[in-house]
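Labels below follow one simple rule: chain letters A, B, ... track the order of the sequence lines, proteins then strands, and each chain is numbered from 1.
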Amino acid sequence: MRTTVEVQDLRRVFGPTVAVDGATWHAGAGRITAVLGPNGAGKSTTIECLEGLQRPDGGSARVLGVDPWGASAEHRARVGVMFQDGGLPNTARPVPLLHHLASLYAAPRPVDELVSRLGIGDFARTPLRRMSGGQKQRVGLAAALVGNPEVVFLDEPTAGLDPHARLDVWALIREVADAGATVVVTTHSFDEADRLADDVVVMGRGRVLASGALAEVRGARTLEDRYFALTGDQR
Amino acid sequence: MSAPAPAPTRILAQARFETLTLLRNGEQLLVSIILPAMALVGLTLSPYPALGSHPRIDVVAPGVLALAVASTAFTGQAISTAFDRRYGVLRMYGVSPLGRGGLLLGKAIAVLCVLLVQVLVLSAIALALGWRPALTGLAPGLVGLLLGVLAFVGLALLLAGTLRAEAVLALANLIWVVLLGLGLLIPVPVLPAAVRGLAGALPSGALGEAMRSALLDGAWPWTAWLVLLAWAALTWGLALRLFRWAP
């Protein structure tokens with residue numbers, strides 16, 4: 001497995017709060033890595049360091065061998081990001097927005113294919129501000145994938161989706177990984193991690209409590225049981 | 001390997017997207033075209049307030065162009081950037097191949113494109129109402145317009161990058177209304193004596209006087225330009241230090 005995402009002794013501090021406290025884990029090409037943990041576990045801060053949105057106070061975060069903080073447009077074109085809160089212009093309609101985002105890349109994925117795969121055509125004329133949470137999620141996922149990225153960070157990609165749409169999204173994410181991309185999914189859903197992930201990272205209080213292949217981390221128990229055993233005192 | 005489009009392509013694509021977004025926004029059109037056009041017609045046809053010895057349209061038209069700058073470069077940009085920040089759009093473009101620099105350049109070009117549409121529409125109405133600008137004033141008028149854009153965009157970014165979106169919405173509209181009466185539309189020399197000094201030192205008075213001096217008399221209003229440059233330096237300096245990209 002070619003390692004493409006490396007978090008090494010990562011530390012990030014906000015005033016008196018230590019958000020990430022020496023976390024170490026990695027993710028590889030062609031695999032889906034689910035990052036789990038209670039609220040405040042340091043998942044989002046770690047991912048934001050990998051996206052280049054935050055600068056580590058110690059240790060390192062590297063993506064495709066590059067420090068993402070202040071990285072070039074060439075590097076950013078290789079990385080797709082889906083934010084949980086959308087991060088998309090509220091007045092825009094999805095198809096023109098996706099065509100616009102595609103125009104920022106030299107060889108984007110065909111927008112029409114993404115629109116069809118994610119069922120965006122059903123609400124193509126609705127501005128983002130009038131969409132449901134699930135509809136916004138689908139546009140956000142399309143925006144993350146439109147540049148044909150080699151590494152994708154997805155924050156809660158199926159939150160708010162109905163069961164059928166969830167299966168469609170999981171199938172698309174698996175296809176992206178099978179084509180060789182590294183997919184890192186932050187999720188609170190054990191079902192999603194269990195059915196989608198090859199590897200799992202469990203974080204708590206800024207530290208990595210367990211990481212590795214799903215079967216190894218889970219052991220003989222369910223992922224949910226293992227998670228509560230690891231994070232039980234962190235409510 | 002995934003690669004970005006060339007930088008000029010990315011920036012022009014963003015400029016096009018932002019321009020169309022601004023021109024399709026009904027509230028923005030109201031502030032950038034309809035209200036200035038109403039001010040142009042209303043102030044020209046009404047005998048009040050007294051505007052000095054020149055034909056009224058020759059005094060009103062440069063002021064309305066100054067108002068157009070404030071509408072698009074300040075009110076429009078402050079509100080749209082504040083809501084882009086609130087909804088995480090600035091963050092999304094920051095991690096895309098466009099980047100923060102490309103986003104700012106795209107927005108700047110979009111402001112100039114919308115301003116061009118405003119100048120064409122409002123000048124056409126003014127010419128139909130009998131406006132006869134000093135042709136020697138077109139070059140200094142353009143300088144004033146661009147310095148006004150620089151100062152007002154700086155002020156817009158300062159508000160949008162430091163305050164909550166709802167506060168920016170309220171404040172940007174309020175400031176626009178206040179600046180209307182402090183030298184944008186009404187010449188500083190005909191304002192009450194108590195506010196003349198203040199209006200002349202504000203970007204509104206400086207831009208209004210810069211446009212009127214240029215287009216009425218063909219003058220090169222260095223003092224007003226210096227005031228605009230000082231406001232640009234102050235607001236851009238503060239915006240660069242204080243602007244927060246995160247929601």
>> I'd like to know whether B/Tyr87 forms a side-chain contact (heavy atoms from CB on, under 4.5 Å) with A/Leu128, so could you lay out the CA-CA distance, the side-chain angles of the two residues, the decisive distance to 0.1 Å, and finally the verdict.
In response: CA-CA 11 Å; B/Tyr87 291 117; A/Leu128 268 107; over 6 Å; no

> Measuring heavy-atom distances to chain B, does A/Glu48 have an atom under 4.5 Å in its side chain, in its backbone, in both, or in neither?
Replying inline: side chain

>> Which atoms of B/Thr21 are under 4.5 Å from chain A, going by heavy atoms: the side chain, the backbone, both sets, or neither?
In response: side chain

>> Looking at chain B, which one of A/Pro68, A/Ala71, A/Pro89, A/Ala92 has the largest number of heavy-atom pairs inside 4.5 Å, strictly under?
In response: A/Pro89

>> Within the supplied structure, the quantity of interest is the number of heavy atoms (other residues, nucleotides, ligands) at a distance under 6.0 Å from A/Arg174 CZ; does it exceed 12?
In response: yes

> Sub-3.5 Å donor-acceptor pair from the side chain of B/Ser2 to the main-chain atoms of A/Asn148, do we have one?
Replying inline: yes

> Heavy-atom count around A/Arg117 CZ within 6.0 Å, excluding the residue itself: above 12?
Replying inline: yes

>> Would you say CD of A/Glu113 has more than 12 non-hydrogen atoms from neighbouring residues, nucleotides or ligands within 6.0 angstrom?
In response: yes

> B/Ala5 and A/Ser103: which non-hydrogen atoms are nearest, and at how many Å?
Replying inline: CB-O, 3.5 Å

>> Could you report the tightest heavy-atom contact between A/Leu104 and B/Leu98, atom names first, then the distance?
In response: CD1-CB, 4.1 Å

> Are B/Phe17 and A/Leu101 close enough, and set up right, to give a side-chain contact (heavy atoms from CB on, under 4.5 Å), and what steps lead you there?
Replying inline: CA-CA 10 Å; B/Phe17 185 76; A/Leu101 294 175; over 6 Å; no

>> Could you walk me through whether B/Met92 and A/Met82 satisfy the side-chain contact (heavy atoms from CB on, under 4.5 Å) test, starting with their C-alpha distance in whole Å, then the side-chain angles of each, then the deciding distance to 0.1 Å, before giving a yes or no?
In response: CA-CA 8 Å; B/Met92 181 273 288; A/Met82 175 191 178; over 6 Å; no

> Should we count CZ of A/Arg129 as having more than 12 external heavy atoms under 6.0 Å?
Replying inline: yes

>> Using heavy-atom distances under 4.5 Å, tell me whether B/Tyr93 contacts chain A through its side chain, its backbone, both, or neither.
In response: side chain

> For A/Phe83, is it the side chain, the backbone, both or neither that has a heavy atom under 4.5 Å from a heavy atom of chain B?
Replying inline: side chain

>> Shorter than 4.5 Å, heavy atoms on both sides: which option in A/Gly52, A/Gly87, A/Ala73 has the most such pairs with chain B?
In response: A/Gly87

>> Please evaluate residues A/Leu53 and B/Val95 with respect to the criterion side-chain contact (heavy atoms from CB on, under 4.5 Å), reporting the C-alpha separation (whole Å), side-chain torsions for both, the decisive distance (0.1 Å), and the verdict.
In response: CA-CA 8 Å; A/Leu53 289 168; B/Val95 299; 3.7 Å; yes

> Which distance, rounded to the nearest 0.5 Å, do you find between the OG1 of A/Thr91 and the CG of B/Leu20?
Replying inline: 11.0 Å

> Where is the tightest heavy-atom contact between B/Pro4 and A/Ala77, given as atom of each residue plus distance?
Replying inline: N-CB, 3.4 Å

>> I need the A/His100 NE2 to B/Gln14 CD distance, nearest 0.5 Å.
In response: 3.5 Å

